[in-house]
Every structure is written in C-alpha cells, then in structure tokens.
Enquirer: 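If you scroll down you'll find the structure; I have some questions about it.
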There are 2 protein chains.
Amino acid sequence: MSVQERKERERAGRERLIVATARELAEQQGWDAVTTRRLAERIEYSQPVLYSHFRGKREIIGAVALEGAAEMAAALRGATAVADGPRARVTALARAYLDFAEGNPAVYDAMFRLDGGLAFAREDTPEPLKDAFAALLESLGEVAGDGVRPGLFTEVFWAALHGLATLTRAGRLPPEDAGRRVELLVDRLAVV
Amino acid sequence: MSVQERKERERAGRERLIVATARELAEQQGWDAVTTRRLAERIEYSQPVLYSHFRGKREIIGAVALEGAAEMAAALRGATAVADGPRARVTALARAYLDFAEGNPAVYDAMFRLDGGLAFAREDTPEPLKDAFAALLESLGEVAGDGVRPGLFTEVFWAALHGLATLTRAGRLPPEDAGRRVELLVDRLAVV
DNA sequence: TCGATTGTCTAGCGGTGCTAGGATCGGCTC
DNA sequence: GAGCCGATCCTAGCACCGCTAGACAATCGA
C-alpha cells in the first residue's frame with residue numbers, strides 16, 4: 001500500500017507543479033504564452049504527461065481559476081475585516097477586488113474572462129467559486145437597501161467592479177481616475 | 001484614370017467583403033472559427049489577399065469593431081430619441097446597450113474584449129469609437145448629478161453595463177434577473 | 001505587339017493543441 | 001535473485017494556425 005500512496009503523493013505534487021507553473025507563466029507572459037510545449041518543458045516532462053492530469057489546456061486554466069478564487073475570497077475577507085462600518089467595508093471590498101484583478105491579471109482572466117470549463121451560478125458550481133461570491137455577499141448584503149434581494153445587489157455591484165477591472169486593463173478606460181470611479185460607484189450603489 | 005478608379009472601387013468592395021464575411025463568420029461560429037484560411041475560402045480568394053488589405057487578423061477584428069461602433073452609436077441614439085425625460089432615456093439606453101451586446105456578440109467582442117489594435121480613450125482614438133462613447137455621454141450626462149463630471153459618470157455607468165453584458169454571456173450571471181439588474185442599476189446610479 | 005508592372009496563387013515556415021504507439025522502468029511473484 | 005508484467009513516459013506525428021517568399025499570370029502603357 002505504501003508504494004501506491006507514495007505514487008499518489010508524487011502525482012498530486014506534479015499536478016500542483018503543473019498548475020503553479022501555468023499560473024506563473026501566464027502572469028509573466030500572458031495566457032497566450034502558456035502553450036502545452038512550453039509548459040511541459042518548464043515542468044521537465046513531455047507534453048502527454050499534462051494530458052494524464054488534465055483533459056486539456058482548458059482544464060488547466062480552470063484549475064488556476066479555482067486556486068485564484070480561494071485567494072480572492074481570502075483577500076476580500078481580509079480587507080473587510082479591518083474596516084469599521086458597512087460603508088467602509090464596501091469601499092475596502094471594492095478596492096481589494098480591483099487590486100486583486102490588477103495584481104493577478106492572469107488569474108483574474110482564468111476566473112472571469114477565459115473558458116476554464118467551470119460551471120457558474122449553478123448548483124454544481126465548484127465550492128471555491130461559490131465562496132468567492134459569498135465573500136462579496138457578506139459585505140454587500142449589508143448595503144443592498146430595503147426591498148432589494150442581497151444576491152441581486154451583489155451581482156450588480158460585482159458586474160460594475162468587473163467592468164471597471166477589465167475595461168481599465170484593456171486600455172478602454174484611462175487609469176488616472178480609477179480611484180474616483182470607485183468612490184462614485186460606492187456612493188451611488190451602496191445604501192448606508 | 002478611369003481604369004485606376006475602377007480598380008480602386010473593386011479593391012474597396014473586396015475590403016468590405018472581407019470585413020462583412022469575417023463578421024458573419026464570427027457571429028455564426030465565434031471568433032475562434034475566423035481563421036485566415038476559412039475567411040479566404042469564403043471570399044473565394046487565397047490567404048495572401050487578406051494581407052494586401054490588412055496587416056493581419058488583428059486589423060480585421062479592428063475593422064469589424066469600427067463598423068460595430070457606428071451601429072451601436074446609432075442604436076443607442078435611436079433608443080433614447082423616443083424616450084421622454086432623462087430617467088426614461090437612461091433606462092432605454094441601458095436596455096439598448098445590453099440588447100446590442102446580446103444580439104451582436106461577436107461584434108461586441110471585437111469592440112471591447114478582443115485586441116483589434118485600436119487606440120481607446122486617447123486623442124488618436126478612431127472617430128466611430130469616440131462617437132459611440134459620445135452617444136452614451138449624451139443621455140448619461142443628464143443624470144450624473146451635481147459635482148460629478150459627466151465623463152466620469154459615463155465611464156462608471158458604461159463599466160457596469162459592460163460587466164453585466166460580459167458576465168451574463170459568459171454564464172457567470174443567471175440570465176433570468178437581467179431585467180431587474182438593469183432597473184436596480186439605473187435606480188441607484190442615475191440622479192433624476 | 002512587346003515589355004513592364006501589377007496582382008494573385010502555390011507552397012512552405014514555425015508554431016499550436018492533442019494523441020497513437022512503442023520503449024522503459026518499477027514492483028511483484030516464484 | 002530472476003523474470004514477468006503492468007504502469008508510466010516519451011518520440012513522433014496529426015491537422016490546424018497566422019503569416020510570407022517567390023513563382024506565375026493577367027493587364028496595362030508604349
């Protein structure tokens with residue numbers, strides 16, 4: 001049995017190595033540079049090994065997305081925990097979200113822009129994704145206002161943040177006023 | 001001279017054909033299916049002909065984006081023209097924007113998600129793109145509220161719409177509550 | 001009618017995601 | 001300890017991608 005356990009351990013380790021390497025490469029040079037050949041070379045295995053762990057490139061992106069979702073949830077909770085009052089929490093949440101998107105663009109893309117083959121907004125949505133949404137909901141539910149379903153409010157607020165994050169990074173919005181845009185968004189959307 | 005003019009006319013016609021065919025193919029099967037080989041086959045010329053009109057695939061995407069921007073601007077102005085009062089105009093604008101994004105997903109992607117090699121939010125931004133933003137500004141400037149720069153307000157509102165459009169289409173947001181989300185967005189952001 | 005120029009095509013480069021099939025290595029049985 | 005056998009991994013290759021060099025043909029002006 002011990003032999004089999006060791007093999008499984010090694011296999012799991014190699015899988016983590018694949019995901020970590022894909023992420024690293026994506027952050028360094030963008031997802032376009034993450035080819036199966038380059039990835040295989042970096043982990044010092046041949047290409048087919050990748051396919052013994054994942055169905056294809058899409059699933060690797062999905063794995064990076066799940067990892068990122070857990071980190072984002074932690075980052076959001078960390079930011080809101082040290083803020084006083086609902087209004088301050090929402091501002092901290094928005095800033096933390098945009099900071100995460102800016103600081104981990106490849107991970108953010110894996111989560112929300114690319115197709116990682118993951119289910120969203122459904123029952124069989126993977127737990128890390130549900131939890132990241134829950135982290136948003138925890139602070140945003142407080143300021144949804146009367147008669148507005150917290151989930152619906154969270155969706156709208158999230159969409160606005162997502163729009164700001166993607167349009168800014170794609171050069172569609174000038175980066176200078178980023179701070180003022182967040183202020184305006186929180187001012188108007190949150191009911192304190 | 002007449003010969004040269006005829007040639008230029010034919011050339012311009014073929015360029016329109018390329019752009020129209022690329023757009024059609026993208027709407028039918030997605031941008032991934034728009035390969036230079038398939039595109040060349042559809043216009044019944046060989047691949048290199050594409051490169052005598054455009055530097056590469058990116059520029060073709062850019063051309064589709066410009067065409068789409070003009071159409072979107074017209075659609076937005078058409079929708080707001082028949083609405084009474086600032087509040088109704090903003091609602092109509094938001095609906096028209098999301099309808100355009102849903103009805104022309106490939107064009108929308110060319111404009112705002114893919115890299116078409118176009119400059120945004122700068123002086124040398126192509127006129128159609130500036131005009132599409134202007135169409136947003138015309139209705140949104142009315143409801144920016146005191147002390148808020150209309151341009152900044154428009155950017156935030158636009159980002160929210162963009163977030164809703166992209167997250168919904170990518171399956172990140174359930175499509176059922178789309179209408180309610182727009183209502184909430186207009187309610188909170190617009191100062192009537 | 002002939003030469004030059006313009007236009008178009010064939011063929012091919014290096015790259016992509018992915019896979020079939022053979023070699024090699026390890027653990028298990030005798 | 002020897003030899004079998006199955007798991008594991010790699011080499012080689014498929015069809016496709018964006019893009020381009022260079023040969024060829026059609027068309028124009030003299």
Side-chain angles (χ1 to χ4, degrees), chain A residues 1-19 21-23 25-26 28-65 106 109-110 114-118, chain B residues 1-19 21-23 25-26 28-65 106 109-110 114-118:
Chain A
M1 279 305 146
S2 164
V3 169
Q4 195 174 341
E5 283 175 10
R6 193 205 69 219
K7 287 202 175 184
E8 278 177 23
R9 241 186 358 256
E10 287 173 355
R11 216 186 130 69
R14 196 171 59 182
E15 189 157 318
R16 280 194 301 276
L17 176 64
I18 293 174
V19 176
T21 306
R23 174 177 177 168
L25 191 50
Q28 284 172 358
Q29 311 184 37
W31 276 107
D32 279 351
V34 183
T35 70
T36 54
R37 279 174 180 76
R38 246 192 293 259
L39 188 49
E41 195 188 4
R42 284 224 185 179
I43 64 167
E44 295 181 319
Y45 282 93
S46 68
Q47 276 179 284
V49 165
L50 301 175
Y51 293 87
S52 72
H53 288 271
F54 301 95
R55 282 177 188 279
K57 192 180 168 182
R58 169 192 300 203
E59 270 199 5
I60 297 176
I61 294 174
V64 172
D109 284 350
L114 302 176
D115 178 11
L118 303 174
Chain B
M1 279 303 145
S2 165
V3 168
Q4 194 174 343
E5 283 175 10
R6 194 204 68 219
K7 289 203 172 183
E8 277 177 23
R9 240 183 2 253
E10 288 173 354
R11 215 185 132 69
R14 196 171 59 181
E15 188 156 319
R16 279 194 302 274
L17 176 64
I18 292 173
V19 176
T21 305
R23 174 176 177 169
L25 191 50
Q28 284 173 357
Q29 310 183 38
W31 276 106
D32 279 351
V34 183
T35 69
T36 53
R37 279 174 180 77
R38 246 192 292 259
L39 187 50
E41 194 189 1
R42 284 224 183 179
I43 65 169
E44 296 180 318
Y45 281 93
S46 68
Q47 278 179 285
V49 165
L50 300 174
Y51 294 86
S52 73
H53 288 271
F54 302 95
R55 282 177 187 277
K57 192 180 168 181
R58 169 191 300 203
E59 270 198 6
I60 297 176
I61 294 173
V64 171
D109 283 350
L114 301 176
D115 178 12
L118 303 174

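Convention: sequence-line order gives letters A, B, ...; per-chain numbering from 1.
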Enquirer: How far apart are the closest heavy atoms of B:F54 and B:E15, and which atoms are they?
Expert: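 Of all heavy-atom pairs spanning B:F54 and B:E15, the closest is CZ-CG, 3.6 Å.
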Enquirer: What are the two closest heavy atoms between B:Q47 and B:A40, and how far apart are they?
Expert: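 That would be N-CB, 3.6 Å.
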Enquirer: Categorize A:R14 for me: base, sugar-phosphate, or nothing, with a 4.0 angstrom heavy-atom threshold over every strand shown.
Expert: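 Sugar-phosphate: the residue A:R14, judged by heavy atoms under 4.0 Å, touches backbone atoms but no base.
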Enquirer: Base, sugar-phosphate, or nothing for A:S46, non-hydrogen atoms under 4.0 angstrom?
Expert: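 Base contact - A:S46 has a heavy atom under 4.0 Å of at least one base atom.
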Enquirer: Please state how far atom NZ in A:K57 lies from atom P in C:dT16, giving the value in whole angstrom units.
Expert: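 Computing the A:K57:NZ to C:dT16:P distance gives 9 Å.
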Enquirer: So which heavy atom on A:V19 is nearest to which on A:A63, and how close?
Expert: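 Minimum heavy-atom separation between A:V19 and A:A63: CG2-CB, 3.7 Å.
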Enquirer: Among the nucleotides D:dA21, D:dC10, C:dT16, which one has an atom lying closest to any side-chain atom of B:P48?
Expert: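 Per side-chain heavy atoms of B:P48, the pick is D:dA21.
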Enquirer: Please tell me which of A:D32 and B:Y45 maps to the more 5' nucleotide of DNA chain C, matching each residue to the nucleotide holding its nearest heavy atom.
Expert: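 Residue closer to the 5' terminus by nearest nucleotide: B:Y45.
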Enquirer: Return the nearest nucleotide to the side chain of A:R37; candidates are D:dT11, C:dG17, C:dT10.
Expert: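 Nearest nucleotide to the side chain: C:dG17.
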Enquirer: Between A:T36 and C:dC18, does any side-chain N or O lie under 4.0 Å from OP1 or OP2?
Expert: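 Result: no.
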Enquirer: To the nearest Å, how far apart are A:Y51 OH and D:dA12 P?
Expert: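 After rounding, the gap between these two atoms is 19 Å.
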Enquirer: Would you indicate what A:R38 reaches in the nucleic acid, counting non-hydrogen atoms under 4.0 angstrom: base, sugar-phosphate, or nothing?
Expert: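 Here A:R38 touches the backbone only, sparing every base.
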Enquirer: Output the rounded distance in Å from CD (B:Q29) to C1' (D:dC16).
Expert: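 Going from CD in B:Q29 over to C1' in D:dC16 covers 15 Å.
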Enquirer: In this structure, how many angstroms lie between the C1' atom of D:dT8 and the CD atom of A:E15, rounded?
Expert: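 After rounding, the reported distance stands at 16 Å.
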Enquirer: Determine the contact category for B:R58: base if any of its heavy atoms lies under 4.0 Å from a base atom, sugar-phosphate if only primed atoms, P, OP1 or OP2 are that close, otherwise nothing.
Expert: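 Nothing: the residue B:R58, judged by heavy atoms under 4.0 Å, touches no strand.
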Enquirer: Specify the separation, in whole Å, of atom CG of B:L50 and atom P of D:dC17.
Expert: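 The distance from CG of B:L50 to P of D:dC17 comes to 13 Å, rounded to the nearest Å.
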Enquirer: By nearest atom, which of the nucleotides D:dC17, D:dC9, D:dC19 is closest to the B:Q47 side chain?
Expert: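 In terms of side-chain proximity for B:Q47, the closest of D:dC17, D:dC9, D:dC19 is D:dC19.
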Enquirer: Could you give the distance from CZ (B:R58) to CD1 (B:I61), rounded to the nearest 0.5 Å?
Expert: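 It comes to 8.5 Å.
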Enquirer: Check every atom of C:dT16, C:dT8, D:dC9 against the side chain of B:V49 and return the nucleotide holding the closest atom.
Expert: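 Ranking C:dT16, C:dT8, D:dC9 by closest atom to the B:V49 side chain puts C:dT8 first.
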Enquirer: Roughly, in whole Å, what's the span from CD in B:E41 to P in C:dC9?
Expert: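 Taking atom P of C:dC9 as the reference, CD of B:E41 is at 13 Å.
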Enquirer: In this structure, how many angstroms lie between the C1' atom of C:dT16 and the CG atom of A:L39, rounded?
Expert: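 Rounded to whole Å, this separation is 14 Å.
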Enquirer: Starting from P on C:dC9, measure out to CD1 on B:I43 and report it in whole angstrom.
Expert: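 Computing the B:I43:CD1 to C:dC9:P distance gives 9 Å.
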Enquirer: Report yes if some heavy atom in the side chain of B:I60 is under 4.5 Å from a heavy atom in the side chain of B:V34; otherwise report no.
Expert: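 When only atoms from C-beta onward are counted, B:V34 and B:I60 do not touch, as no gap falls below 4.5 Å.
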